[in-house]
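As a basis for the values below, the full set of heavy atoms in this structure was taken, side chains included, without hydrogen atoms, waters or symmetry mates. Just so we're on the same page: letters track the sequence lines, and every chain starts at 1.
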Protein chains: 2
Amino acid sequence: MSLSTPVSEIPDIVISRLPIYLRTLRLLHTQKAEVTSSQELGQLLGLSSAQIRKDFSHFGEFGKQGTGYNVAYLCTQLEKILKVDCIWPVILVGAGYLGHALASYHGFEQRGFRIVGVFDNDPAKIGSQIGAVIVEGLDAMPAAIGQQRCQIAVIAVPATAAQRVAELLVAAGIKSLLCYAPIKLTVPSSIRVEYIDPVIHFQHMTFYLEKACVND
Amino acid sequence: MSLSTPVSEIPDIVISRLPIYLRTLRLLHTQKAEVTSSQELGQLLGLSSAQIRKDFSHFGEFGKQGTGYNVAYLCTQLEKILKVDCIWPVILVGAGYLGHALASYHGFEQRGFRIVGVFDNDPAKIGSQIGAVIVEGLDAMPAAIGQQRCQIAVIAVPATAAQRVAELLVAAGIKSLLCYAPIKLTVPSSIRVEYIDPVIHFQHMTFYLEKACVND
DNA sequence: TAGATTGTTAATCGATTAACAATC
DNA sequence: TAGATTGTTAATCGATTAACAATC
């Protein structure tokens with residue numbers, strides 16, 4: 001019989017809300033708010049105050065009865081819980097328009113991430129500078145991942161290349177993937193994959209819209 | 001007492017899976033698969049076969065016992081349900097790197113969407129061509145939305161401008177917004193808003209990663 | 001026919017909410 | 001103190017799953 005207690009098993013859906021809470025708290029902080037409440041946060045986010053208190057309760061007690069939460073302190077705590085109280089190196093594969101947009105975006109660092117390498121197989125792109133880095137060939141990727149101890153990668157290549165790139169990234173030691181290609185990647189179950197596909201959002205919207213579109 | 005029966009109330013979480021099903025069915029179709037089953041779809045998507053059958057059952061009976069689903073037929077049905085059996089015009093605000101990437105992407109049309117206008121207030125961008133359209137000033141936006149009967153808009157401007165842009169879009173008659181700025185928009189409850197923020201995904205990932213990042 | 005798979009029901013599981021004692 | 005708000009419990013709500021009759 002193992003002496004260790006089972007992991008307290010915080011629901012993933014709770015984890016998925018923490019970055020949203022953090023983003024809102026950071027905003028309140030820049031607006032010089034010193035304290036907030038579960039009710040105020042709920043109103044800002046369209047959630048119930050009960051849900052916000054319940055979510056926080058999985059990690060500790062961060063508030064004071066009658067007063068609410070200290071904004072700066074709660075920010076710090078959420079950053080620790082999410083492990084974004086530091087800067088994570090991120091590898092980007094794909095130096096097309098999307099890769100360019102991602103590598104040029106200045107909003108990552110203040111939220112805990114830095115794109116430390118951009119890789120592409122197009123000879124026309126290799127050697128060019130985007131953002132703060134020089135585009136390198138895919139063959140240079142594994143060494144870069146190892147040197148930077150990089151665990152996160154972004155896939156911004158066409159759908160036809162995405163699965164192959166994912167396999168190269170996993171082989172090189174990447175643990176989490178953010179995939180912009182509109183396909184489901186097949187990777188070992190230990191690898192976390194998240195997806196961004198604007199068409200999925202569009203098609204969700206159209207269900208609720210009145211149909212008034214051009215025939216094709 | 002009203003004679004109308006209550007709307008059958010299909011859960012939004014079911015709707016949110018339909019575009020994923022459609023994407024996978026389209027893939028099977030290009031791979032010349034003629035039939036599939038809830039079990040096969042489930043395996044491809046990491047869902048249970050029961051969930052897939054349950055989801056479909058909200059909309060009708062699309063399969064045959066013993067045989068499964070005709071891929072082409074199920075595609076057509078899902079396209080009708082989601083109302084993407086046509087092309088929806090989409091307005092894009094923001095002609096930075098991200099706007100450029102979106103306007104240049106060739107994958108929208110085959111999935112039911114076309115960017116018919118790009119708007120920005122930067123004089124250096126107005127008049128330049130990206131994708132198939134010419135960037136226009138924001139003042140030209142309301143008329144374009146009216147002329148195209150456009151109900152969907154994408155916000156790809158900096159966070160500081162996003163709320164103001166959202167208000168202009170809503171005033172011009174837009175019904176659904178896809179927001180790439182990392183903020184929560186405040187809009188009337190009749191307006192649907194969806195968000196894309198890669199940092200939210202990164203911060204979700206880091207919770208599960210071993211911490212090994214650079215101090216800042 | 002025998003095998004396979006659907007559509008649907010009922011059971012289970014998990015997430016959200018309401019309520020309130022504790023307490024700042 | 002009186003008012004406000006937390007953290008937590010129990011109740012409610014809703015989504016997923018298991019099971020199976022129907023049937024191709």
Base-pairing string, 5' to 3', of DNA chain D - Watson-Crick or wobble, under 3.5 Å, | interstrand: ..||||||||||||||||||||||
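- In this entry the distance linking CZ of Phe62(A) with P of dT8(D) reads 11 Å, nearest Å.
- For the atom pair CG of Leu74(B) and OG1 of Thr36(B), the computed distance is 8.5 Å after rounding to the nearest 0.5 Å.
- A salt bridge links Glu79(A) with Arg26(A); the closest basic N to acidic carboxylate O contact falls under 4.0 Å.
- Counting to the nearest Å, the P atom of dA15(D) and the NZ atom of Lys54(B) are 9 Å from each other.
- In this structure, the separation between CG on Leu25(A) and NE2 on His29(A) is 10.5 Å, given to the nearest 0.5 Å.
- An OP1 or OP2 oxygen of dA22(C) is reached within less than 4.0 angstrom by no side-chain nitrogen or oxygen of Gln65(A).
- Counting heavy atoms from C-beta outward, Tyr195(A) and Leu185(A) have side chains that approach closer than 4.5 Å.
- Here dA15(C) presents its C1' atom at 8 Å from CD of Gln51(A), a figure rounded to the nearest Å.
- Residue Asp12(B) contributes atom CG, which lies 18 Å from atom P of dA15(C) at whole-angstrom precision.
- Here dT8(D) presents its C1' atom at 16 Å from CZ of Phe59(A), a figure rounded to the nearest Å.
- A 6.0 Å sphere centred on CD of Glu210(B) holds no more than 12 heavy atoms belonging to other residues, nucleotides or ligands.
- Heavy atoms from other residues, nucleotides or ligands lying under 6.0 Å from CD of Gln39(A) number 12 at most.
- If you find the closest nucleotide of DNA chain D to Gly66(A) and to Ser57(A), the one lying nearer the 5' end belongs to Gly66(A).
- In this model, the phosphate group of dT5(D) is not approached by any side-chain N or O of Thr67(A) to a distance below 4.0 Å at OP1 or OP2.
- Within the nucleic acid shown, Phe56(A) has no heavy atom closer than 4.0 Å to any nucleic acid atom.
- Relative to the side chain of Arg53(A), the nucleotides dA15(C), dT23(C), dG7(D) differ in distance, and dG7(D) lies closest.
- Close to dG7(D), at under 4.0 Å from its OP1 or OP2, lies a side-chain N or O of Tyr69(A).
- A residue-by-residue look at Pro11(A) and Gly68(B) shows that Gly68(B) has its nearest nucleotide of DNA chain C further toward the 5' end.
- Between Phe108(A) and Tyr105(A), the ring planes are perpendicular. Angles over 60° get that label, and only those under 30° would be called parallel.
- The line from OH of Tyr21(B) to CG of Leu82(B) is 11.5 Å long, rounded to the nearest 0.5 Å.
- A distance of 7.5 Å separates CG of Leu28(B) from OG1 of Thr30(B), quoted to the nearest 0.5 Å.
- Taken residue by residue, residues 15-41 of chain A places heavy atoms nearer than 4.0 Å to DNA chain C at Arg17(A).
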